[in-house]
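Shown next, in structure tokens, is the structure this report addresses.
Just so you know, these numbers come straight off a predicted model, no measurement behind them. All values below come from the heavy atoms of this structure, side chains included, with hydrogens, waters and symmetry mates left out.
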Amino acid sequence: MAIWCADLALDRWRHSEGCPRGEGADAAPLALITETAHGPRIDAANPMARKAGATSGMMLADARTLCPAMEVRPSDPAGDLAFLERLALWAMRWGPWSAIDAPDGLLVDVTAVAHLFGGERRLLDDVAARCTARGLAVRAAIAPTAGAAWALAHFAAAGAILSPDDDMQSRLADLPVAALRLDNDVLLVLRRLGLKRLGDLAGIEEGRDRTGSGRDAIQRRFRNRKSPAANPLIRMDQLLGRVPEPLLPVVPVTAPMVQRRLAEPIRHRALLDTVVTDLAADMARTLEAKGEGARRLQLGMWRVDGEVLVRELEMAAATRDPDHMCRLFAERLDDIDAGFGIEMLRLRAAWSQPLGLGQADLEAAAEQHGTSLAACMDRLTTRLGKGAVQRPVPRASHIPERAQGWQPPLEPEPAEQHQLAFHTRPLKLLDRPERISVLYAAPEGYPRRFSWRGQVCEVARVEGPERIAPEWWRERGSARLRDYYRVEDEAGRRYWIYRGGLATDGRGGMPDWYLQGLFA
């Protein structure tokens, strides 16, 4: 079953403003707009604005010439998608699973469940009634395939039903080619070829038996289009059920949450710590029942005057130790202003990970003696701030400044990153290579003397070169190769310098010299 929310953005806006459909918000022309580089663009328009000539995708300046009195409000695509996700979970009342059909539709599996509603017709009536009660204008249809159901919901009469016994090809022949969910440029090509209906494409496929070139001709024209939305033959096969169409169901995820509603508001820190301790113990039991540990905790405190205070923690490793949670929150509650009192507290694990049972006595001993690495990282992060504690990790790059990155201290290294085998590297790399002046060096020979930061260094020993080519897949074509040298001056100081380019590489003038690192 396909459910098309024809005015999803406007319906969600009406719901947030408390304006039912047909009242208030629809009494005057109104449009939802998005700021673009060329000016505001209309994303959705209400019936009054559409009647005046405003359409989705039109620039606001053009729409103003047709309807000067039109009101505008900012659109919220992220909010629309979040609303659609919640709607997909709500739509599971009609089937075992549902999937999002972005940007404004749903697909629900209703296989063998229609009899629970009294038949497919009553199922569609129930969808229309419940969505109308929620202020949503929808069109729904049922068909053997997701593509056919989508096509009927968008381009056929409301409440269309296509059974497996029907001839799908003939029933859908009069629908436009836009029913195949193709990109706009592909639709334009099909219309220029005179293919305006699904029956026209079906006729070409039938002509293959007589001429032997029907489907092959379209295949040759779109042979480089691998995406289903850019290849009409793939979409046609999915529509008729010749090839499967993968769908991604929406899986409900409930974040573990515990709360306390207090009989009397609290104002003192000692009472607040007591309630937080109880919440941490409840959260530990909830997480243990799910076999998970918390990585991010959010503590919400509702004051009597209606203000909500939120404190958030992010742990270096998954944990469900209530004492550890309380110690971390203790440093975040010093600046809490309880006002006339806090009447409710809620602790929510916004991010959790699987965590098996462990030997609590050994971990407790490690906590007591301060040897738990995860606890140490959490305390440092709480005191220094998020992102202040990181560790270097190797990256799969042979360019020195890209050969390592930074990540949270206890995060596992990416599986696809492998440290490459290099020659000896200096312990200290400069943040950026600094340009130096090399004296008495042959065009492609060893450096003899160089000047860095106003000091002239006489080269006593040199080793190299080590040639490193540029990463052609991420740099410009004018990038030059590097020849690295490990040099030692007369005072025993060792440097890592390189020559950027060759005099004969044709990618610029004479090569430049840089100092990038210092050896111990």
### Query
Step by step, would you call L239 with M236 a side chain to side chain contact (heavy atoms under 4.5 Å, CB included)?
CA-CA 5 Å; L239 182 80; M236 194 69 177; 4.2 Å; yes

### Task
Write down the atom of P256, the atom of M283, and the distance for their closest heavy-atom approach.
O-CE, 3.5 Å

### Query
Charged N to carboxylate O under 4.0 angstrom, D101 versus R181?
no

### Summary
Taking every heavy atom of M59 against every heavy atom of G39, the minimum-distance pair comes out as CE-O, 3.5 Å

#### Entry: Backbone N/O of S352 and side chain of R295: donor-acceptor pair under 3.5 Å
no

### Query
Does the side chain of V177 reach to within under 4.5 Å of the side chain of L187, using non-hydrogen atoms?
yes

### Message
Between D323 and R327 (salt bridge meaning N to carboxylate O under 4.0 Å), is one present in this structure?
### Response
no

### Task
Answer yes or no: does atom CG of N184 have more than 12 heavy-atom neighbours from other residues, nucleotides or ligands under 6.0 Å?
no

### Message
Determine whether a donor-acceptor pair (N or O, by modelled atom type, separation under 3.5 Å) exists between the side chain of R260 and the backbone of L347.
### Response
no

### Query
E314: what forms a side-chain hydrogen bond (donor to acceptor under 3.5 Å, both in side chains) with it, not counting sequence neighbours?
R296, K386

### Query
Do any N or O atoms from the side chain of R235 and from the backbone of A179 form a donor-acceptor pair under 3.5 angstrom?
no

### Contact check, side chains of L345 and L262, non-hydrogen atoms, under 4.5 Å
yes

### Message
Quick test of your reading of the model: are R311 and D335 salt-bridged, counting only N-O distances below 4.0 Å?
### Response
yes

### Task
Output the distance between atom CE (M1) and atom CG (L124), rounded to the nearest 0.5 Å.
6.5 Å

### Query
Would you say the side chain of R267 lies within less than 4.5 Å of the side chain of V304, judging by non-hydrogen atoms?
no

### Task
Specify the closest pair of heavy atoms between L8 and D80, including all atoms of both residues, with the distance to one decimal.
CD2-O, 4.2 Å

### Query
With a 4.5 Å limit on heavy-atom distance, are the side chains of S98 and L106 in contact?
no

### Query
Within the side chain of R346, is there an N or O that forms a donor-acceptor pair under 3.5 Å with the backbone of Q259?
no

### Task
Go through E471 and H398 one step at a time and tell me if the side chain to side chain contact (heavy atoms under 4.5 Å, CB included) criterion holds.
CA-CA 8 Å; E471 295 179 334; H398 57 272; 3.7 Å; yes

### Query
Between D11 and R14, is there a salt bridge with N-O shorter than 4.0 Å?
yes

### Query
With no hydrogens and no angle check, do the side chains of T111 and D109 hold a donor and an acceptor under 3.5 Å apart?
yes

## Note on the structure
In this structure, OG1 of T286 is separated from CZ of R348 (nearest 0.5 Å) by 13.5 Å

### Task
Identify the heavy atoms of P103 and L84 that sit nearest to each other, and give their distance.
O-CD2, 3.7 Å

## Note on the structure
Rounding to 0.5 Å, atoms CH2 (W4) and CG (L152) come to a distance of 13.0 Å

### Query
Taking all non-hydrogen atoms of both residues, which atom of L180 and which atom of P232 are closest, and how far apart?
CD1-O, 4.1 Å

### Query
Is any side-chain N of the basic residue among E17 and R73 closer than 4.0 Å to the acidic one's carboxylate O?
no

### Message
Using side chain to side chain contact (heavy atoms under 4.5 Å, CB included), reason through V275 and M301 one step at a time and then give a plain yes or no.
### Response
CA-CA 11 Å; V275 178; M301 293 157 282; over 6 Å; no

### Message
Less than 4.5 Å apart, side chain to side chain, heavy atoms only: is that true for L287 and L355?
### Response
no

### Neighbour count above 12 (heavy atom, 6.0 Å) for H15 NE2
no

### Task
State, yes or no, whether a side-chain contact exists between R391 and Q407 at a heavy-atom distance under 4.5 Å.
yes

### Query
Where the side chain of S16 meets the backbone of W13, is there a donor-acceptor pair that is under 3.5 Å apart?
yes

### Message
In the structure I gave you, are the side-chain heavy atoms of T145 and Q238 within less than 4.5 Å of one another anywhere?
### Response
no

### Query
Passes side chain to side chain contact (heavy atoms under 4.5 Å, CB included), I336 versus R303? Steps please.
CA-CA 11 Å; I336 291 295; R303 298 197 323 189; over 6 Å; no

### Message
Parallel, tilted or perpendicular, judged at 30° and 60°: which one describes the rings of W94 and W90?
### Response
perpendicular

### Message
Nearest 0.5 angstrom please: D104 CG to L87 CG, how far?
### Response
11.0 Å

### Query
salt bridge (Lys or Arg N to Asp or Glu O under 4.0 Å) between D273 and R269: does it pass, once the steps are laid out?
CA-CA 6 Å; D273 290 340; R269 174 62 186 273; 2.8 Å; yes

### Summary
d(D76 CG, D43 CG) to nearest 0.5 Å is 10.5 Å

### Query
Got a second to check how far R50's CZ is from C67's SG, nearest 0.5 Å?
13.0 Å

### Task
Taking all non-hydrogen atoms of both residues into account, name the closest pair between W150 and A178 and its distance.
CZ3-O, 3.7 Å

### Query
Okay, side chain of D183, backbone of D185: is any donor-acceptor separation there less than 3.5 Å?
no

### Query
Applying side-chain hydrogen bond (donor to acceptor under 3.5 Å, both in side chains), which residue pairs with at least one partner in residues 128-137 are found, sequence neighbours left out?
D126-R130

### Query
Is any side-chain heavy atom of M315 closer than 4.5 Å to a side-chain heavy atom of L297?
yes

